[in-house]
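Naming convention: chains lettered A, B, ... in sequence-line order (proteins, then strands); numbering from 1 in each chain.
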Amino acid sequence: MVRYADTMVLAWLTDSARSLSMDNLSQSLLNHEMIHFKDTVKKGENFASVAIEDACKYAGEDAYITFQLYDVLREQLLLKGGQEALDEAFNVEFPFAITLLGMEKEGIAVDTAVLELFKKEVALEIATLTEQIHSTCGTVFNLNSPKQLGVILFETLGLAHGKKTKTGYSTDEQVLDGLKDEHAVIPMLLQYREYHKLYSTYIEPLIALSQNDPASRIYTSFIQTGTATGRLSSKNPNLQNIPVKTALGMRIREAFVAPKGKKLIGIDYSQIELRLLAHFSEDSVLVNAFNEGHDIHMQTAIALFGEAEAAQKRNIAKTVNFGLLYGMGQKKLSDTLGITTKEAKEIIERYFETFPSVKGYFSGIVVHAKEMGYVETLLHRRRYFDFASATPMLKAAYERESVNTVFQGSASDLIKLSMNKIDTMIRTEGLRARMLLQIHDELIFEVDEDVAEVYASRFVEVMESILELRVPLKTSMHIGNHWGELK
DNA sequence: CCCATCACG
DNA sequence: ACGTACGTGATGGGC
């Protein structure tokens, strides 16, 4: 049940929680350097003991929660200190630890037979491809070694090499894709890579884990304090990176099922980060587009290229919209779109001319980050940057991270609020529903079949009304018997 | 233990 | 002159 907590720390903390008075505990935590915010504790001493007291209420119930709460508390106080930090800890992050605990305990059902069948097919493909590749190259080597592969491709076969890595030639997907017409072995390698990834990262581990459990369910650990932006992460196994993009990858999703008599519901926020961009920047074109329910990428294309060209350039606009949130540069945009850096530069310049309030808003974030040393999300979570001691290259990276953190972190704030509200709803009303997974902007539920539609509408309603922004929050919802049907 | 690679949002 | 699109975790090779 305790999956990520350090067990020594946990045992110590739980024991203390049961046997010590509050004052003793908080002093003891400090003495043992269990709380690493000694510097801020002078002004925050009351806050600290109040917070610990609250955390300890849960200790008898479940030591794991205590640990998560403690972890969150430390994180929050380190991040900000003072009342604002504790407000967020108490109002959002502490209840969220309980929400996550419920999800971790619940797990998700896996149909092992689906995976076993797929495993046989993939194993056969891998064996065939291995044989073909070795004979095509005229030599036997380890296909999983980029080092050995690089030597074969770029020395033995004499293909023209592009970029290099620290340790030799790059053989990543982008490189291989550029060479796919140069030699018959390249398409085989690309296929091999896809099959091997599925086999080693998903098929085998998921079968092993599901066989551990009497109900064939698998249980992830959600890390609440592991990211720089406030997002969750998921590990052992990571259920936030189950394949979705290719037909083969979707076979993995088909193995995540609703048990008999139940359904899975998937609800994801549509373009939540772009909606936050519209909200924060107050740009009239963006705000209007969302308020009128228009296709945001098409509207961007119209604004950038005019009505006549918009339809054929919608994809460019889409890439630019995404790139914006990452602080894109001309180099990467040109690589992604397959255009010259000059063209990319022009598109970026035109974007900021077309959306001046976005440009102003972005520079505002960067100015704030440089002056204050941090940026804040919608719910005032902070991320700190040390611009002062940074090299020019690092400064540029910090600028991109500052901007991105506002959107990624604020989106994370929103879905945390929704999850807490839905979790409370499920518990207090005794709904025949369980929240199973969060994948950043998406929630997966398992519910009784007969109430699936009704519950789904209620969850959608919570998610879309969780906060009132300058633009509506929209979601898309799907009900199915397996995860593969939720897109 | 680091690197390269690749899966996701 | 030159280089940077953000945030994660798992795997296998190789030192």
Side-chain angles (χ1 to χ4, degrees), chain A residues 4 141-150 163-177 189-190 192-206 209 220-223 226-246 248-250 252-253 268-274 319-337 341 344 348 362 375 377 383 390-412 415 437-443 483 487:
Chain A
Y4 85 80
F141 64 101
N142 189 338
L143 290 181
N144 299 323
S145 165
K147 187 179 152 92
Q148 293 181 35
L149 179 63
K163 55 179 174 178
K164 300 191 75 172
T165 64
K166 283 180 186 175
T167 49
Y169 309 102
S170 172
T171 68
D172 69 18
E173 192 176 355
Q174 213 189 343
V175 169
L176 293 186
D177 206 58
L189 284 167
L190 285 165
Y192 173 85
R193 285 254 173 99
E194 182 176 8
Y195 281 117
H196 181 258
K197 183 76 178 178
L198 291 175
Y199 194 89
S200 64
T201 306
Y202 301 101
I203 300 175
E204 279 212 308
L206 291 177
L209 288 169
T220 186
S221 290
F222 288 108
I223 314 303
T227 66
T229 57
R231 270 192 178 181
L232 291 177
S233 72
S234 157
K235 66 176 191 180
N236 303 329
N238 183 353
L239 295 185
Q240 292 182 319
N241 72 345
I242 301 301
V244 68
K245 283 172 185 159
T246 67
L248 279 175
M250 284 301 285
I252 306 287
R253 288 205 170 206
D268 67 281
Y269 278 113
S270 311
Q271 295 151 340
I272 188 166
E273 294 186 6
L274 283 176
T319 305
V320 172
N321 276 335
F322 270 103
L324 266 186
L325 302 168
Y326 298 150
M328 69 183 161
Q330 42 184 293
K331 176 81 165 62
K332 187 65 185 183
L333 183 66
S334 60
D335 283 355
T336 308
L337 289 174
T341 55
I348 295 171
F362 274 27
V375 294
T377 66
R383 179 175 181 183
T391 61
M393 198 167 110
L394 201 53
K395 277 194 172 77
Y398 286 167
E399 290 184 13
R400 295 193 301 274
E401 291 165 11
S402 298
V403 170
N404 178 260
T405 294
V406 174
F407 302 110
Q408 198 183 113
S410 297
S412 175
I415 200 166
L437 298 176
Q438 184 245 50
I439 308 101
H440 309 302
D441 62 355
E442 173 186 12
L443 298 177
W483 197 353
K487 272 290 168 192

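B/dT5 atom C1' lies 10 Å from atom NZ of A/Lys163, rounded to whole Å. When rounded to the nearest whole Å, the span between CZ of A/Arg193 and P of B/dA4 equals 13 Å. A/Ile242 places its CD1 atom 18 Å from the P atom of B/dC6, with the value rounded to the nearest Å. In this structure, NZ of A/Lys166 is placed 16 Å from P of C/dG3, rounded to the nearest angstrom. If you measure from atom OH of A/Tyr169 to atom P of C/dG13, you get 21 Å, rounded to the nearest angstrom. Atom CG in A/Leu176 sits about 12 Å away from atom C1' in B/dC6, given to the nearest Å. For the pair A/Leu149 CG and B/dC6 C1', the interatomic distance rounds to 15 Å; values are reported in whole Å. Protein atom CD of A/Gln240 is 16 Å distant from nucleotide atom C1' of B/dC6, rounded to whole Å.
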Item to complete: Between protein and nucleotides 5-12 of chain C, map the contacts as a letter string: B base, S sugar-phosphate only, - none, heavy atoms under 4.0 Å, written 5' to 3'.
Response: BBBSSBSS
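Within the nucleic acid shown, A/Gln148 comes within 4.0 Å of sugar-phosphate atoms alone, with no base atom in reach, counting heavy atoms only. Contacts of A/Glu442 with the nucleic acid, taken as non-hydrogen atoms under 4.0 Å apart, are absent.
Between A/Thr167 and A/Lys147, the closest side-chain pair of non-hydrogen atoms is not below 4.5 Å. With a 4.5 Å cut-off on side-chain heavy atoms, A/Leu198 and A/Pro243 count as touching. For the pair A/His440 and A/Asp268, the minimum side-chain heavy-atom distance is 4.5 Å or more. Residues A/Tyr192 and A/Leu190 fail the side-chain proximity criterion, which asks for heavy atoms closer than 4.5 Å. With contacts defined as side-chain heavy-atom distances shorter than 4.5 Å, the pair A/Arg400/A/Tyr326 does not qualify. A heavy-atom distance below 4.5 Å is found between the side chains of A/Leu437 and A/Phe222.
Here the nucleotide nearest the side chain of A/Thr167, chosen from C/dG14, B/dC3, B/dT5, is B/dC3. Distance from the side chain of A/Ile439 is smallest for B/dG9 among the nucleotides B/dC8, B/dA4, B/dG9.
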Item to complete: Convert the base pairs of DNA chain C into dot-bracket notation, remembering that pairs crossing earlier ones are written with [ ] and that bases paired across to another strand are shown as |; include only Watson-Crick or G-U pairs under 3.5 Å.
Response: .....|||||||||.
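Heavy-atom minimum distance, A/Lys331 versus A/Thr341: CA-CG2, 4.3 Å.
Not one side-chain nitrogen or oxygen of A/Gln330 sits closer than 4.0 Å to the OP1 or OP2 atom of C/dG3.
No side-chain donor-acceptor contact under 3.5 Å links A/Thr319 and A/Thr336.
The separation of B/dC3 from C/dT4, taken at their P atoms, amounts to 15 Å, rounded to a whole angstrom. C/dC2 and B/dC6 are spaced 28 Å apart, taking the P atom of each and rounding to whole Å. Taking the C1' atom of each, C/dG3 and B/dT5 are spaced 22 Å apart, rounded to whole Å.
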Worksheet item: Could you walk me through whether A/Thr165 and A/Thr171 pass the side chain to side chain contact (heavy atoms under 4.5 Å, CB included) check?
Response: CA-CA 9 Å; A/Thr165 64; A/Thr171 68; over 6 Å; no
Practice prompt. Dump the intermediate steps for side chain to side chain contact (heavy atoms under 4.5 Å, CB included) on A/Gln438 and A/Gln240, then the final yes or no.
Written response: CA-CA 7 Å; A/Gln438 184 245 50; A/Gln240 292 182 319; 3.2 Å; yes
